[in-house]
**Q** 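Below is a structure I'd like to ask you about.
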Amino acid sequence: MIKVLVVDDDHLVRRGFISMMPWGKYGLEVVGEAGNGRKALEFLAEQDVDLLITDLAMPVMSGIELMKQVKQTKRDIHMVVLTFHQDFELIQEALRLGALDYITKVELEDEQMDEVLQRIVQRMQEQTASAAMTPKPELAAEEAMEDDGQRYSAEVRASIKRAVELIRNGLQEELHLPEVALRVNMSRSYFSRCFHDLVGKTFNDYVRELRVERAKSLLKTTSRNIGWVAAQSGYPNEKYFGKVFRELTGVLPSEFRKMEKSHKPSSN
């Protein structure tokens, strides 16, 4: 059985959460509970635990501080956030610390208990498999990509596909890996690995290439100034946009536009 520790400062919420979830159905067993991070650390010093489910905002020691301590001393413990507040910054920080998932009040109110536990167990298995992987030789890159597609679950592949759609539809917005990972419900580190394996590029490289391709299209089809093209492509800083554009194409945006115009056939 997977041993679980539940940490929440609200006794009624904690007891309700423990009693309502079908733990045994998914091979889970709650072996302990605590009202704050310090009590949780005391429990962990005496008892082996596989999965830590913790609230974030707690007195004495917060869930964030608890996760930092666990990450340093108990690296083999999987961590999940239990949050009744959609505090984006706290959740983002938790994901940076290695949380593999987070459970929201909405999910529990909608009686999605089975779905939540099934997802957590699956991600525990994926995280364990991911940690055990060794780097693949560069010479076997094509075979590695095929293996990656088969190795990751359908849920992970769907999450990465969703991330690609978010990127394509949001090129004008700020796009940062942690936020996109959060929106597809994956931890930052695992999302980064899966994205690279399944898309074939790092997150940042993929975003840059799509933005430059969009800029090239706008430079070809409009006569708007470079600053406008930069903003429409997700670069509010025109100077930085020019630098990125040149790195990927070898020419400045203005030079690219001139080249495209010179290649167009005369209308006469």
Side-chain angles (χ1 to χ4, degrees), residues 1-24 26-110 112-128 130-131 178 181-191:
M1 298 287 283
I2 298 171
K3 298 177 181 179
V4 183
L5 170 63
V6 177
V7 187
D8 195 301
D9 63 308
D10 190 318
H11 177 75
L12 291 178
V13 169
R14 189 172 72 243
R15 292 306 307 163
F17 175 70
I18 292 173
S19 64
M20 73 190 296
M21 302 296 276
W23 306 100
Y26 297 95
L28 299 160
E29 177 188 9
V30 177
V31 296
E33 57 182 287
N36 59 62
R38 185 174 298 171
K39 291 291 185 183
L41 288 177
E42 292 174 1
F43 183 89
L44 290 171
E46 303 292 333
Q47 174 79 43
D48 288 333
V49 169
D50 303 302
L51 174 62
L52 168 68
I53 301 179
T54 181
D55 188 15
L56 294 178
M58 297 183 292
V60 185
M61 180 184 286
S62 69
I64 292 294
E65 185 58 35
L66 169 61
M67 292 177 68
K68 289 179 180 177
Q69 296 282 339
V70 169
K71 187 176 181 181
Q72 291 177 358
T73 60
K74 301 276 187 178
R75 294 180 178 274
D76 57 338
I77 293 181
H78 301 276
M79 298 182 289
V80 169
V81 170
L82 174 63
T83 176
F84 290 91
H85 309 282
Q86 281 286 18
D87 191 322
F88 178 80
E89 291 185 0
L90 281 180
I91 294 173
Q92 184 181 32
E93 178 65 17
L95 293 174
R96 287 197 189 106
L97 290 170
L100 58 87
D101 205 344
Y102 60 95
I103 305 169
T104 66
K105 182 179 180 180
V106 173
E107 289 180 298
L108 300 182
E109 287 179 341
D110 291 345
Q112 298 176 17
M113 285 80 79
D114 281 273
E115 180 181 328
V116 167
L117 291 185
Q118 185 177 32
R119 187 178 73 222
I120 289 172
V121 171
Q122 184 176 30
R123 290 188 176 170
M124 286 179 68
Q125 294 169 345
E126 291 167 352
Q127 194 175 68
T128 300
S130 175
L182 180 59
R183 290 178 69 179
V184 299
N185 209 20
M186 294 179 72
S187 73
R188 175 180 179 173
S189 58
Y190 191 49
F191 171 81

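Here, residue 1 is the first one in the sequence, and each next residue gets the next number.
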**Q** My understanding is that only residues two or more places apart in sequence, or in another chain, count here; which of them pass side-chain contact (heavy atoms from CB on, under 4.5 Å) with Asp10?
**A** Asp8, Leu12, Val13
**Q** List the residues meeting salt bridge (Lys or Arg N to Asp or Glu O under 4.0 Å) with Glu65, not counting sequence neighbours, and say none if there are none.
**A** none
**Q** Do Phe43 and Val31 have side chains that approach each other closer than 4.5 Å (heavy atoms only, starting at C-beta)?
**A** yes
**Q** What residues form a side chain to side chain donor-acceptor pair (under 3.5 Å) with Arg15, not counting sequence neighbours?
**A** Glu33
**Q** To the nearest 0.5 angstrom, please state how far the CE atom of Met79 sits from the OG atom of Ser187.
**A** 10.0 Å
**Q** Please assess Ile103 against Phe17 for the test side-chain contact (heavy atoms from CB on, under 4.5 Å), listing each intermediate value before the final yes or no.
**A** CA-CA 11 Å; Ile103 305 169; Phe17 175 70; 4.0 Å; yes
**Q** Glu42: what forms a side chain to side chain donor-acceptor pair (under 3.5 Å) with it, not counting sequence neighbours?
**A** none
**Q** Do Val116 and Met21 come close enough that some side-chain heavy atom pair is under 4.5 Å?
**A** yes
**Q** Which residues satisfy the side-chain contact (heavy atoms from CB on, under 4.5 Å) test with Ala181, sequence neighbours excluded?
**A** Phe191
**Q** Arg188: what forms a side chain to side chain donor-acceptor pair (under 3.5 Å) with it, not counting sequence neighbours?
**A** none
**Q** Counting only N and O atoms by type, is there a donor-acceptor contact under 3.5 Å from the side chain of Asp50 to the main-chain atoms of Lys3?
**A** yes
**Q** Of all residues at least two apart in sequence or in a different chain, which pass the side-chain contact (heavy atoms from CB on, under 4.5 Å) check with Gln118?
**A** Tyr26
**Q** Looking at residues at least two apart in the chain, or sitting in another chain, which of them share a salt bridge (Lys or Arg N to Asp or Glu O under 4.0 Å) with Arg123?
**A** Asp101, Glu155
**Q** Would a 4.5 Å heavy-atom cut-off, applied to side chains only, mark Arg38 and Leu66 as touching?
**A** no
**Q** Can a donor-acceptor pair be found, under 3.5 Å and without considering hydrogens, that links the side chain of Trp23 to the backbone of Ile18?
**A** yes
**Q** With heavy-atom distances below 4.5 Å as the criterion, would you say the side chains of Leu56 and Ser62 are in contact?
**A** no
**Q** Counting C-beta onward and ignoring hydrogens, is there a side-chain heavy-atom pair between Leu182 and Met186 closer than 4.5 Å?
**A** no
